[in-house]
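What's counted below: heavy atoms across the whole structure, side chains too, no hydrogens, waters or symmetry copies. The shown structure was predicted, so the numbers you read here are calculated from the model rather than taken from an experiment. Chain letters run A, B, ... following the sequence lines, proteins first and then strands; every chain starts at 1.
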Amino acid sequence: MSIYDTLNREQYKACMRTEGPVLILAGAGSGKTRVITHRIAYLMEECDVNPWNILAITFTNKAAGEMRERVDRLIGFGSESVWISTFHSMCVRILRRHSDLIGYDHNFTIYDTDDQKTLIRQICARMGIDTKQLRERTIMSAISAAKDKLQTAINYKDTHKIDFEQQQIGDVYEEYERQLRKNNAFDFDDLLMKTVELFNAREEVLANYQERFRYIMVDEYQDTNEAQFQLVRMLAAKHRNLCVVGDDDQSIYKFRGADIRNILDFEKVYPDAMVVKLEQNYRSTQTILDAANHVIRNNARRKDKKLWTDAGSGAKIHFRSFNTGIEEASFIAEDVKKRIHENPSLHFRDFAVLYRTNAQSRLLEDRFVQESIPYNIVGGHNFYDRMEVKDILSYLRTIDNGRDDINTQRILNVPKRGIGKTTSDRVMAYAQAMGISFMEALERLDDIPDITRAKTKLQAFTDLIHRLRDEAKTSSVGDLINAIVEETEYEQYLKDYDEENSEDRMDNVGELISKAAAYEQDAAEDAEGDGPSLSGFLEEVALVADIDQLGDDDDRVLLMTLHSAKGLEFPFVYLAGMDENIFPSYMSINSDDEDGIEEERRLAYVGITRAKKDLTLTHAASRMMRGEVQFYGVSRFVLEIPEDLLDETPRAGRRVFGEEKSPDDDADMPWSDGYREHRTPFAGRGTERAKASAKKDTRLKAVYVKPHTSEGRKPFIAKMGSLDSLQKGLPAGVKPDYDIGDRVSHVKYGEGTVLSLEKGPKDYKVKVDFDEAGQKVMYAAFAKLSKV
DNA sequence: CGCGAGGATATTTTT
DNA sequence: TATCCTCGCG
């Protein structure tokens, strides 16, 4: 009995064919990770392949980590020498070694979207381009799209000769490239493009990696772009042991340059490729698979496949329609509770709520807080996007790479040093005139014209950076951050800047220090790496995805976009916002690009197939969108599911804004009772409403569930603000332990007397007469008042 | 040069 | 609805 006996026939076939090109068309849940891990194990164990000669590319760092773990579990040794990483991490690793060959220092900085935007804005200002007419965003995505296709600025201008706007973009692109080079920085797309460039420019470097990576495996191949395709093609050119795994039905990153043809045409590029189809699904019930199959069948351009399972049909798919997004959110929260109540063996982590846009998370989150259900939100605001974290990172980048003008400028006046824009611009102008970096200009203060009053301040800043650089030579990254905080009196700055949240913000800085410490630990242990370094830490920070930070030890309901959910699975899945114009999004509906809807449909397919046992689709007839009520019909994807798979029949109820009568009088508003009587198509059928109200009567008593937090490692994936009420304060809506007339104390306002306490729609509102600060009204859960 | 107020404006998905 | 940006004042 060997570990390979557990594979099914097709999986086994894919696993054993180690030589030559292999295309594995792996439907959702068909065990493709199993195949890759077993294949790696097989190569090492049975074919005597040196782990060093194996490269496996995954979509996220999290997937890479899991894959390594699984290989380890299979054979128990050697997996640390296999290169398992994302495209971006792999490229950074290569570039760190050879960037000098294409004109960059080894300690290059990786620009995030904000850095990019700042740079583009500067360039536009210099070139006299009005960013109101031509938005930075537009320029950025045009440049990004070009880079995904390996198109240089010159190339771009050549192919877009006719269009004036595109010529402008081309000019900005050209200058942007020059600036990146000057700043010794790469943007995300550069990591791929410049690696290809490197390989093209230096045959011997490519040959070196070709020789090294004798066996190459690429996961999620359907979401590779041109640059990634070229990269893989080049690397595999010598040994041709290339195994790609993917599912054309799950290609959902076209907006990021993914080209579905990479997988559809694989056999054209490699005519001798062996093709294996994995159609047996080990994840979901037949009902769920049938629904997925029926939806995806509506796409024209795809390789035909049909998922099946021998797991049995399972429960029907639930469909629920609501009047408003609020009701939808309430239902989901209550339903999770109900199911856990009915079946105590279930955990919160068995549930996931998926939606099309990040904005939809808000209502759900509110509701989950109210119901005291522990949850995590993936995406939205990244930890590394927080102001205080960015400030520190900007310092680190400035210390690490003095040529990075963008980050130097960013912190020049953070904390406030009384150095304004005028001064900053003058330094910049001088730097440009002399062809030196911003930092170098600061080091020659005496030569800069018109610098008089600000001179001492600038000198102080320069000295500060120099001191920190010295510190960096000997200190760990964590200590360096501490030094930055100390030297800049950052804590005081935070207090002045935002008294209310300064503590939380300081906590985040602390969290960053822990991250740095963890990084240094890992890097020191990684035999294949170059050891810990500031550049290394900054690089890791730049390349983490939201999903990467997700620990699997937390027992929480997960809330995330459908995109983030790719590759994951949960026993119970809710697809919220199955509304026309939300999902599929109005962008894809109104676009003339036919494939837009097809991509959305693939996204629906991804969503449905995340569910193992139980799937619930919800729809809301009306929603608040940017402060306005919008009306939506049921998503076409729901209607594409055969009725007999659903426990409730959806009504199309499609309706275009402005048509029919507009709901401008209260009786017609979706939340009024009158509305329901008039609006049967939207309210769903009578039985459902009866059920809904019955549910209300038997509503579970709210149980406050203490969210699980592991010591020293706070889950910063969730938005801090909302978690606070769970972690530090009271759960919302629970009566506080003080009453009218009691003396209470508040962190900021000091002591006072409670004047009134009344139950609001969400939470108790408490009015306090503070001795010092006067009268304030606040929500009990957030006020964190304590009785004295 | 800093700060606040107010208006404009945006909203798909992300390595 | 919430953020971002600009403008004007101290």
Does [N] have OP1 or OP2 under 4.0 Å away from a side-chain N or O of [X]?
X: A:Arg256; N: B:dT12; answer: no
X: A:Thr561; N: B:dT14; answer: yes
X: A:Thr423; N: B:dC1; answer: yes
X: A:Thr113; N: B:dT14; answer: no
X: A:Ser564; N: B:dT14; answer: yes
X: A:Asn225; N: B:dT15; answer: no
X: A:Asn358; N: B:dT14; answer: yes

- Which part of the nucleic acid, if any, lies within contact of A:Glu599, taking any heavy atom under 4.0 Å across all strands shown: a base, the sugar-phosphate backbone alone, or nothing? nothing
- Query: For A:Ala359, which contact category applies under a 4.0 Å heavy-atom criterion: base, sugar-phosphate, or nothing?
  - Reply: nothing
- Task: Report the nucleotide, chosen from B:dT13, B:dA10, B:dT12, that has the shortest atom-to-atom distance to any side-chain atom of A:His563.
- Result: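 Minimum distance to the A:His563 side chain belongs to B:dT13.
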- Is there a donor on the side chain of A:Arg626 or the base of B:dT11 sitting less than 3.5 Å from an acceptor on the other? no
- Within the 6.0 Å centroid threshold, strictly below: A:His563 and A:Tyr253: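 Yes - the distance between ring centres of A:His563 and A:Tyr253 falls below the 6.0 Å cut-off.
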- Kindly say whether the aromatic ring centers of A:Tyr176 and A:Tyr111 come within a distance under 6.0 Å.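 Between A:Tyr176 and A:Tyr111, the centre distance exceeds or equals 6.0 Å.
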- Does A:Phe255 lie flat on the base of B:dT13, that is, centres under 5.5 Å apart and planes under 30° off? yes
